[in-house]
Amino acid sequence: MTVAGVLACTALTGCGGGGSAPGALAPPPKAPVPPSALASDSASAPATAHASDSASASASASASPKKPPTMAPGPAGRTPVFERRATGGGAAGRSAEKVVALTFDADMTADQGPRAASGERFDNPDLIALLRRSKVPATVFMTGRWAEEYPTQAKTIGAEPLFEVANHSYSHHAFSSPCYGLPVVEKGAMTADVERAFTAFRKAGVRNVVPYFRFPGGCYDDAALRALAPANVTAVQWDVVSGDAFATDADAVARQVLDGVRPGSLVVMHCTRSAAPATEAAVRRIVPELRARGYRFVKVSELMEDGGGR
């Protein structure tokens, strides 16, 4: 299924009915959220603690579905690349807003099925629960193979207005080489790999699918941008590397994120217990600290909306 097919499904069959329609911008929170509020498992945390983050998500849930923003194609039709909201442009001064997008890669390589069958966990439901409980909007870049392995979780994430699901390829193979030792997708197969992931989302019943793509490993070159043009996606990179992949020191991950975030930043993290075991603990520190600094959390679609980009 093409990107257009997935998005058309939003209007025709409700498969994207819970999708994001960026609403009015909320002001920064008036008071910081104590770490204890984040750590609590109680669903009855004070509503005011997360009002600024959840305002646009609530508006999205009640508003009519809206086509997610994308970037115009690059020279000669190349796939455009978005890294963060531009600091020198954008409408109505939005480029200066203290907003940040946390993104999570749900990685699973096509040949890792036997490892999952033997008990290795490529999911992280506790992290998703923490984001939901803390009312933190997020974009999950999911591989098609992950959606096949965890279809119930994929469907649940995609049904939550707080989240949106983007494409991280089907196979999690590299789109350029070298790339952390990953197998490489042939140029002629790149669009098919991306479309296979969208098809896996549809089969799992995933809603809130957006036409964004993240290159496995963040690796790409000009040939990949040309080859991927028929997929009609906006490639999404980042400007803040969390360093959570294979990390065991949650404080170090949190410090790296907190030191790197600026207004309009886009942070890359992972939603995979086996490959990023410290992420949930790091997020428990990152979220209250950024809120204390006046930041509001948004999904990539809102970061891209009217904000320019680079």
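Starting from 1, each residue takes its place in the sequence as its number.
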Set out, in order, the CA-CA distance, both residues' side-chain angles and the distance that settles side-chain contact (heavy atoms from CB on, under 4.5 Å) for Val140 and Glu160, then state yes or no. CA-CA 12 Å; Val140 178; Glu160 172 64 65; over 6 Å; no
When you measure from the side chain of Arg78 to the backbone N and O of Pro75, does any donor-acceptor pair fall under 3.5 Å? yes
In a table with atom names and distances, give each donor-acceptor pair under 3.5 Å that connects a side chain of residues 246-259 to protein atoms at least two apart or in another chain.
| from | atom 1 | to | atom 2 | distance (Å) |
| --- | --- | --- | --- | --- |
| Asp249 | OD1 | Asp251 | N | 3.1 |
| Asp249 | OD1 | Ala252 | N | 3.1 |
| Gln256 | NE2 | Val241 | O | 2.8 |

Are there more than 12 heavy atoms of other residues, nucleotides or ligands under 6.0 Å from atom NZ of Lys203? no
All heavy atoms of His270 vs all of Ala245, minimum pair found to be CE1-CB, 4.1 Å
Test item: Asp239 side-chain N/O and Leu266 main-chain N/O as donor-acceptor pair under 3.5 Å: yes
Are the side chain of Thr191 and the backbone of Ala227 linked by a donor-acceptor contact shorter than 3.5 Å? yes
Grab the two heavy atoms, one from Ala224 and one from Lys187, that are nearest each other, plus how far apart they are. N-CE, 4.0 Å
So, does Thr234 use its side chain to make a donor-acceptor pair with the main chain of Met71 at under 3.5 Å? yes
May I have the step-by-step check of salt bridge (charged side-chain N to carboxylate O under 4.0 Å, His left out) for Arg296 and Glu302, ending in yes or no? CA-CA 11 Å; Arg296 182 169 63 89; Glu302 183 171 344; 3.0 Å; yes
Do you see a donor-acceptor pair shorter than 3.5 Å between the side chains of Glu148 and Tyr170? yes
Would you sort out whether Phe141 and Asn167 count as a side-chain contact (heavy atoms from CB on, under 4.5 Å), showing the intermediate values? CA-CA 5 Å; Phe141 284 85; Asn167 194 313; over 6 Å; no
Pairwise distance OG1(Thr79) to CG(Leu225) - rounded to 0.5 angstrom: 5.5 Å
Ignoring hydrogens and geometry, is there a side-chain-to-backbone donor-acceptor pair from Ser242 to Val268 under 3.5 Å? yes
Please check if the side chain of Ser169 supplies one atom and the backbone of Val194 the other of a donor-acceptor pair under 3.5 Å. no
Quick check: closest heavy atoms across Glu97 and Pro263, and the distance to 0.1 Å? O-CB, 3.1 Å
So do the side chains of Pro216 and Cys179 get within less than 4.5 Å of each other, counting heavy atoms only? no
For the rings on Phe215 and Phe175, is their centre-to-centre separation under 6.0 Å? yes
The reported gap from CD in Gln112 to OG in Ser274 (rounded to nearest 0.5 angstrom) is 7.0 Å
Can you see which heavy atom on Arg145 is nearest to which on Gly113, and at what distance? NH2-CA, 3.5 Å
Drop me the distance from Arg226's CZ to Asp221's CG, to the nearest 0.5 angstrom. 10.5 Å
Which atoms form the tightest heavy-atom contact between Pro277 and Ala275, and what is the distance? CD-C, 3.6 Å
Will you find, in the side chains of Arg214 and Thr103, an N or O donor that is under 3.5 Å from an N or O acceptor? yes
Heavy-atom check, side chain of Cys271 versus side chain of Leu127, under 4.5 Å: yes
Donor on one side chain, acceptor on other, Gln153 and Asp123, under 3.5 Å: yes
Taking the side chain as every heavy atom from C-beta outward, state whether Val165 and Val210 have any pair of such atoms under 4.5 Å apart. no
If hydrophobic clusters are built by linking Ile, Leu, Val, Met, Phe, Trp and Tyr wherever their side-chain heavy atoms come under 4.5 Å apart, do Val185 and Val81 end up in the same one? yes
Does the side chain of Met304 reach to within under 4.5 Å of the side chain of Arg85, using non-hydrogen atoms? no
Are Asp193 and His173 linked by a side-chain donor-acceptor pair shorter than 3.5 Å? no
Test: Glu149 and Arg121 ion pair at under 4.0 Å: no
With a 4.5 Å cut-off on side-chain heavy atoms, are Arg291 and Val287 touching? yes
Could you measure the distance from the CZ atom of Phe163 to the NZ atom of Lys299? Nearest 0.5 Å is fine. 9.5 Å
Less than 3.5 Å apart, any donor N or O on the side chain of Thr279 or Asp244 sitting next to an acceptor on the other? yes
Report yes if some heavy atom in the side chain of Val236 is under 4.5 Å from a heavy atom in the side chain of Arg84; otherwise report no. no
What class does the angle between the rings of Tyr150 and Trp146 fall in, given that below 30° is parallel, 30 to 60° is tilted and above 60° is perpendicular? tilted
Tell me whether Phe122 is reachable from Leu182 by hopping between hydrophobic residues (I, L, V, M, F, W, Y) whose side-chain heavy atoms are closer than 4.5 Å. no
Considering only NZ, NE, NH1 and NH2 on the basic side and carboxylate oxygens on the acidic side, decide whether Arg293 and Glu289 come within less than 4.0 Å. yes
Are side-chain heavy atoms of Val283 and Leu131 found at a separation under 4.5 Å? yes
For Phe297, the option from Leu290, Val99, Val267 that meets side chain to side chain contact (heavy atoms under 4.5 Å, CB included): Leu290
Strictly distance-based, threshold 3.5 Å: is any side-chain N or O of Gln237 a donor or acceptor partner for the main-chain N or O of Phe82? no
Which atoms form the tightest heavy-atom contact between Glu164 and Tyr212, and what is the distance? OE2-CE1, 4.1 Å
Within a strict 4.5 Å, meaning less than it, do heavy atoms of the Met269 and Asp105 side chains meet? no
